[in-house]
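Please read the structure below before turning to the comments.
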Amino acid sequence: MLEFRTQGFSGYAVKYSPFLDSRISVAASQNFGLVGNGRLYVLALTPNGIQAEKWYDTQDSVYDTSWSESNENQLVAGCGDGSVRLYDTNVPNHPVQVWKEHRREVYAVHYNLITKDTFVTSSWDGTVKVWNPNRPTSLLTLPTHSCTYSTAFSPHSPSVISSVSSDSHLRIFDMRTPASASNHLVQLIPIHGGPPQPGQAPNAIRPSVPPSECLTHDWNKYRDGIIATAGVDQIIRTIDIRNARAGPVAELHGHRYAVRKVAWSPHLSDVLLSASYDMTCRVWTDGSAMGQQLPHPGISAPSQGRQLGQMDRHTEFVTGVDWCLFGAEGWCASTAWDERLLVWDVRSVMGT
């Protein structure tokens with residue numbers, strides 16, 4: 001396990017470069033992101049450990065970062081003052097572009113994995129915005145009317161965007177549809193399900209769960225339509241948006257506090273990582289590779305995947321985790337409020 005200290009700055013997000021297996025970015029903030037400056041680190045994995053190639057200081061917290069999919073030297077940061085900043089590692093000290101359209105904290109940034117020329121951001125101001133790094137203003141604004149903690153482009157379609165919010169809903173936008181009154185919204189999925197309707201008997205297999213804030217989500221890289229969500233209620237749910245009314249496909253129980261980040265494996269279709277305020281990272285299978293049978297024929301019930309391993313070397317809230325796209329299928333990085341970045345092999349914690 002390799003370690004790097006983000007001295008004086010609490011980690012908020014970590015991302016591997018899509019071009020180099022030895023390059024990692026970390027979004028970090030002073031005073032746990034509550035007040036103070038932010039810092040965006042660009043780190044290199046070397047034979048002598050993890051070294052800082054560059055860092056960029058900001059006047060407000062940095063909450064998320066995403067590498068460009070078309071330029072190996074560029075990355076975007078979402079900041080606490082509502083700004084979105086584009087950096088180029090060939091340009092020291094300052095961003096090459098700054099956009100100031102969001103009115104509240106920018107909590108998520110994600111590049112389009114297919115067209116590679118746009119990225120999406122979400123904010124506490126209740127909007128999702130689409131950007132092109134070569135344009136001075138955003139291309140599109142999608143209202144969610146709720147504090148939006150996470151947004152992403154689908155890895156299967158360049159026109160589909162998802163988001164999760166404090167109102168306990170997963171939203172799917174399709175930019176190919178007419179804007180009209182729906183603002184490209186094609187699905188509004190209650191993550192926790194609704195209460196039984198009048199005259200309808202409660203479902204004992206899938207009881208109603210009170211809504212709570214959803215903090216994170218991620219698209220499965222191999223199974224189109226499968227999205228993992230998680231948040232304050234500590235449960236990771238996988239949802240098939242093609243049959244969302246059936247409820248979660250799988251529910252993963254084990255975290256003791258809110259789940260801050262989930263990330264599907266880029267190598268295995270049934271494996272995902274999670275990071276939680278319980279100071280652990282956990283690796284899971286959603287059960288889809290096991291051919292699990294439903295307990296009652298004809299009744300839709302969530303599969304109970306299981307935990308495969310746990311990493312508990314962090315000593316504060318774990319806020320970010322990401323997989324390495326290259327090499328052996330198991331290396332990942334995590335960051336936490338303990339001012340540390342850890343690079344570790346998931347296979348080393350299997351069975352713990």
Using side-chain heavy atoms (C-beta onward) and a distance below 4.5 Å, is Gln97 in contact with Pro133? no
Can you see which heavy atom on Glu213 is nearest to which on Ser166, and at what distance? OE2-CB, 3.1 Å
Side-chain donor or acceptor of Asn112 paired with backbone N/O of Ile114 under 3.5 Å: yes
Give a yes or no on whether Phe326 and Leu268 share a hydrophobic cluster (residues Ile, Leu, Val, Met, Phe, Trp, Tyr; joining criterion: side-chain heavy atoms under 4.5 Å apart). no
Can Asp167 and Arg171 be counted as an ion pair, charged N to O under 4.0 angstrom? yes
Using atom types as modelled and distance alone, determine if a side-chain donor or acceptor of Thr65 lies under 3.5 Å from a backbone N or O of Ala27. no
Would you indicate whether the side-chain heavy atoms of Leu215 and Val164 approach each other to under 4.5 Å? no
Between Leu113 and Glu69, does the side chain to side chain contact (heavy atoms under 4.5 Å, CB included) criterion hold? Intermediate values first, please. CA-CA 7 Å; Leu113 301 178; Glu69 292 288 330; 3.3 Å; yes
When rounded to the nearest 0.5 angstrom, what is the spacing between OG in Ser10 and CG in Asn31? 7.5 Å
Under a side-chain separation threshold of 4.5 Å, the hydrophobic residues clustered together with Val96 are Val76, Val84, Leu86, Val91, Trp99, Val106, Val109, Tyr111, Phe119, Trp131
Looking at CE of Met311 and SG of Cys281, how far apart are the two atoms once the value is rounded to the nearest 0.5 Å? 4.0 Å
Would you name the heavy atoms of Ala336 and Glu316 that are closest together and state the gap between them? CB-O, 4.1 Å
Ile161 vs His184 side-chain heavy atoms within contact, under 4.5 Å: no
Quick check: is Leu273 connected to Leu342 through a chain of hydrophobic side chains (ILVMFWY, heavy atoms under 4.5 Å apart)? yes
So, do Leu185 and Leu142 sit near enough that their side-chain heavy atoms are less than 4.5 Å apart? no
Indicate the atoms forming the closest heavy-atom contact of Ser274 with Val259, along with that distance. CB-CG1, 4.1 Å
Does Ile24 sit in a hydrophobic cluster with other residues, and if so which ones, taking ILVMFWY side chains as linked at heavy-atom separations under 4.5 Å, directly or through other members? Leu2, Phe4, Phe9, Val14, Tyr16, Val26, Tyr41, Leu43, Leu45, Ile50, Trp55, Trp331, Leu341, Val343
Check the surroundings of atom CZ in Arg103: do more than 12 heavy atoms from other residues, nucleotides or ligands lie under 6.0 Å from it? no
Check the pair Arg176 / Ser157 against side chain to side chain contact (heavy atoms under 4.5 Å, CB included), numbers first and verdict last. CA-CA 11 Å; Arg176 295 168 296 188; Ser157 170; 3.9 Å; yes
Gap between atom OG1 of Thr121 and atom NE2 of His110 - 0.5 Å precision: 12.5 Å
Closer than 3.5 angstrom, by distance alone: can the side chain of Lys54 be matched with the main-chain N or O of Thr89 as a donor-acceptor pair? yes
Within the side chain of Ser276, is there an N or O that forms a donor-acceptor pair under 3.5 Å with the backbone of Tyr257? yes
To the closest 0.5 Å, what do you measure between OG (Ser123) and CD (Glu105)? 7.0 Å
Counting distance only, does the side-chain N/O of Trp323 pair as donor-acceptor with the main-chain N or O of Ala263 below 3.5 Å? yes
Just how far is it from atom CG of Asp278 to atom CD of Gln310, taken to the nearest 0.5 Å? 7.0 Å
Report yes or no: does Thr151 contribute a side-chain atom to a donor-acceptor pair with the main-chain N or O of Ser162 at less than 3.5 Å? yes
Passes side chain to side chain contact (heavy atoms under 4.5 Å, CB included), Arg340 versus Thr315? Steps please. CA-CA 9 Å; Arg340 292 193 300 159; Thr315 57; 4.3 Å; yes
Neighbour count >12 (heavy atoms, 6.0 Å) for atom NE2, His94: no
Close side-chain approach of Gln307 and Leu252, heavy atoms under 4.5 Å: no
Under the side chain to side chain contact (heavy atoms under 4.5 Å, CB included) criterion, do Arg85 and Leu40 qualify, and how do the steps go? CA-CA 10 Å; Arg85 297 169 182 265; Leu40 179 65; over 6 Å; no
Are side-chain heavy atoms of Thr319 and Tyr63 found at a separation under 4.5 Å? no
Candidate list Arg313, His314, Arg5, test side-chain hydrogen bond (donor to acceptor under 3.5 Å, both in side chains), partner Asp338, passing option: His314
Distance-minimising heavy-atom pair for Tyr56 and Pro92: CE2-C, 4.2 Å
Asp64 side-chain N/O to Gly78 backbone N/O, donor-acceptor pair under 3.5 Å: no
Heavy atoms only: give me the nearest Leu272-Val262 pair and the separation to one decimal. CD1-CB, 4.4 Å
I'd like to know if the side chain of Ser288 pairs up with that of Arg223 as donor and acceptor (distance under 3.5 Å, no hydrogens or angles considered). yes
Do Val283 and Val318 belong together in a cluster built from hydrophobic side chains that touch within less than 4.5 Å? no
Check for me, please, whether Tyr149 and Val232 land in the same ILVMFWY cluster - side-chain distances under 4.5 Å, paths through other members count. yes
Can you give me the closest heavy-atom contact between Val249 and Ile239, atom names plus distance? CG2-C, 4.3 Å
Within the 4.5 Å heavy-atom criterion, are Tyr12 and Val62 side-chain neighbours or not? no
Answer yes or no: does atom CD of Glu72 have more than 12 heavy-atom neighbours from other residues, nucleotides or ligands under 6.0 Å? yes
Side chains of Gln30 and Arg39, heavy atoms from C-beta outward: is any pair under 4.5 Å? no
From Asp117 CG over to Asn134 CG, what is the distance, rounded to the nearest 0.5 angstrom? 8.5 Å
Among residues two or more places apart or on two chains, list those pairs meeting ring pair (Phe, Tyr, Trp, His ring centres under 6.0 Å) that have a residue in residues 153-183. none
Can you tell me if Tyr107 uses its side chain to pair, donor with acceptor, with the backbone of Gly80 under 3.5 Å? no
What I want to find out is whether Asp81 reaches Lys100 closely enough, with some N-O distance under 4.0 Å, to be called a salt bridge. no
Spell out, as yes or no, whether a donor-acceptor pair under 3.5 Å connects the side chain of Gln51 to the backbone of Thr46. no
Please tell me whether Phe32 and Tyr277 are part of a single hydrophobic cluster in this structure, the criterion being side-chain heavy atoms less than 4.5 Å apart. yes
Determine whether the side chains of Thr148 and Ser165 contain a donor N or O and an acceptor N or O closer than 3.5 Å. yes
Taking Glu339 for the side chain and Gly8 for the main chain, is one N or O donor matched with an acceptor at less than 3.5 Å? yes
